[in-house]
Amino acid sequence: MSDFDIDSLNDEQKQALFQTEGVVLVTAGAGSGKTRLLTHRICYLIEKGVSPYNILAITFTNKATNEMKERISRMVNARIWISTFHSMCVRILRENIDRLEGYTKDFTIIAEVDKDKILKELLKKYQCEDDEKSRVESHLDNIKNKGLDIDEYFSAIRQYNKSRDLVIYEKICYDYEEYLHKNNALDFDDLLNKTLFLFHNYKDVLDHYANRFHYILVDEFQDTNLVQYKLIKLLASVHKNLFVVGDEDQCIYSWRGANFHNIFNLKEDFDDVKVFKLERNYRSTKNILTLANNVIANNKERMKKNLWTDKDTGEGPVVFNAFDERDEANTVARTIEDLLSEGYSYNDFAVLMRVNALSRPIEEAFMGFGVPYKLYGGFKFYERAEIKMVLSYLSVFVNQRDEISLLKIINFPKRGIGDVAVQKLQEEAREERLLDYLLSERFKFSRYFSKLEKFVETYKALYEQMNTLPLADFVAKVVKNFGIEQAYAGKDDESMEKVENIESLLSGVQEYQDENEEAGLSDYLANVMLKSDSDNIQEGGFVSLATIHAVKGLEFKVVFVVGLEEGIFPLARATFSESEMEEERRLMYVAVTRAEERIYLFHAEKRYMYGKSSYQKPSRFLDELGIVSKTKPKLFSVSREKEEAEEVFDSGFKVGDKILHSRFGEGKIVNISDDGLVADIDFDDFGKKSLMLNLANLEKVEGSDE
């Protein structure tokens, strides 16, 4: 039976559905059935005679993309172009980027960690301090999120800022772009910007897509940045049938360029925009919606709407005033245990936090109580060292100019090619690209030929088979012939886990091949690079422990919000900015509206964070939610201060030690907490991470590569 049933929509949804022509803006409150509306609209258009080929739907997450594809497949069994912005741009660039000088269709998409590494090297080149990296990143983000030229951007800034540092930062930005160009590589922002550049400068490219898409639908419109908004405007410039769904109350990504004002700009940029509101909520109880409406009403920059439901009143919110972070964590774990006896399962729970730094005590409590959990917004499968190594090998086959990946694999497994040897090889190569040099006759006369001869021969043999072998078989051969899996072999748990992860990756390649028969290696790598950490939340029997940003768009029967204290949620910096405070309040609104049946709100009297213990003030949001704090009996009455002072864990490590971690690789300890449990470690490939020394299983390393 088809899921396409117009009568299943409410009156508000039907009004928007039937407005098929022109520009339509739907302001959809949390849980108001916007995905249902979007999928029904696509099916309605097809029923009215529109070809599926002429419809484009843009979402913000892979999870939303897959959900819409599945629903539409069940309703009308039609293939629609549904994708995220970044995936859409990858597809357009694969077809057209060779119009841009120096780029080929086999370009590499670099990860954030690679971007960090490149910038660190450039900072070193210009003798800048490490703490200047955030300033350079901020300039790069501004340039790319607004679709500006580097020279144009810095010229504008110099009108009011004459700092000498700007000259250096401009050089670093140019060098960064040049480095990517040389490697035929793009970062995530480039995917959008290069597509926009093509549309602006190659009319036939824009005409092809703008003429093709008679109807365009955009989900989560409030999260679009300026470049994404410009892309939408251009794609809709011919047929002008644009249907956007958004909620300015859920705009929580301004720090990465999202601009909910695009909702208001739409009315100025297009004629006769029809506006519809969705206020009926299908997710939460009346009590939960009362909290959400109360808190968001304090924001001024929004379109007024009030969520309502015909669901039951439901359980009232529970506010817990904890003694400290351990009391908070143990109470969360105990409450989950109690609710399990009422019929809930682990998948029903989410513990949400404003910042990842709050996770450690929660994780400790869960381990102590035997509560299975997964941490999101943190470490990802595709960022594991062994997985990144396999992907780097594959990337060098797809894009022979990808020196970023080549430098990662050249000495793995160990071939006696350290940093000095790599530098000498680059000098030998002179103007030639490093891989071209290694594959050339000239390299046979190098002092390093014997060390790399097998690597070169294996690469040549596999490169010949890349386009003839099935994708999964080719990847398996790369892993086997280069001895990658063997290099991780061992009898300890960590070695076995690495091998299992590689096996899991190979299974994933087979699944991808089965689902995408015509896709090649470059398509697979692009798919992996665009995967999100939140795509797999709620899979398996685990409690979800996540930042609020990571769970937007999801729902849970029971939600715990921890760390509701001034300076943490809202963040301290928001106190001095009305716009930032409004964004913090939108985050609170998002956290509350994830809950279907129950919500628990936690704040602590004192909290140990960032190396010190401080007394805390309850978050202003507790008052704005409109509830009175009901202090629960304290589960612990002993003095935590005394306890912390007496118990100091001796890990055997000290600040300055160079270490090796199974997933993050090599790094240096830069700080250890007063209780000896937590170390801040600056990893060569992953940047700064905080790890528990009693659990991290670190090894000391001596000196550096010769």
With side chain to side chain contact (heavy atoms under 4.5 Å, CB included) as the criterion, how do N287 and E315 come out once you've worked through the C-alpha distance, each side chain's angles and the decisive distance to 0.1 Å? CA-CA 7 Å; N287 272 331; E315 297 287 335; 5.8 Å; no
Any side-chain heavy atom of L625 sitting closer than 4.5 Å to one from P317? no
Is a side-chain donor or acceptor of D312 paired with a backbone partner of G314 at a separation under 3.5 angstrom? no
With respect to T59, which candidate in D219, T35, T84, T65 satisfies the side-chain hydrogen bond (donor to acceptor under 3.5 Å, both in side chains) definition? T65
I would like to know whether K654 and D657 meet salt bridge (Lys or Arg N to Asp or Glu O under 4.0 Å); could you show each step before the answer? CA-CA 6 Å; K654 63 182 187 300; D657 280 351; 3.1 Å; yes
Taking K115 first and then E137, would you say they form a salt bridge - that is, a charged N and a carboxylate O separated by under 4.0 Å? no
Salt bridge flag under 4.0 Å for residues E624 and R620: no
Heavy-atom check, side chain of M389 versus side chain of Y488, under 4.5 Å: yes
Within 45 degrees of the axis of the six-membered ring of F653 and under 6.0 Å from its centre: does K700 put its NZ or CZ there? yes
N-O pairing of K617 and E566 below 4.0 Å: no
Is there a side-chain contact between I336 and F560 in this structure, where contact means two heavy atoms from C-beta onward sitting under 4.5 Å apart? yes
Does a salt bridge link K34 with E220, judged by any charged N lying under 4.0 Å from a carboxylate O? yes
Verify, without hydrogens or angle tests, whether S504 (side chain) and E500 (backbone) share a donor-acceptor contact under 3.5 angstrom. no
Taking NZ, NE, NH1 and NH2 as the nitrogens, is one of them in E328 or R607 under 4.0 Å from a carboxylate oxygen of the other? yes
Strictly below 4.0 Å, N to O, side chains only: are R283 and E596 in salt-bridge contact? no
Indicate whether the side chain of S138 and that of D141 have a donor and an acceptor atom separated by less than 3.5 Å. no
Do the side-chain N and O atoms of E386 and N501 include a donor-acceptor pair separated by under 3.5 angstrom? yes
Which of these passes side-chain hydrogen bond (donor to acceptor under 3.5 Å, both in side chains) with N299: R585, E583, E248? R585
State, yes or no, whether a side-chain contact exists between M367 and Y373 at a heavy-atom distance under 4.5 Å. yes
Below 4.0 angstrom, N of the basic side chain to O of the carboxylate: do D684 and K658 qualify? no
When you check the gap from the basic side-chain N to the acidic O, do K300 and E578 get nearer than 4.0 Å? yes
Any non-hydrogen side-chain atom of F602 less than 4.5 Å from a side-chain atom of V332? yes
Please determine, by modelled atom types, if R586 and Y253 share a side-chain donor-acceptor pair under 3.5 angstrom. no
Pairing of E67 and K63 as salt bridge, 4.0 angstrom limit: no
Do R598 and V559 come within less than 4.5 Å of each other through their side chains, counting heavy atoms only? no
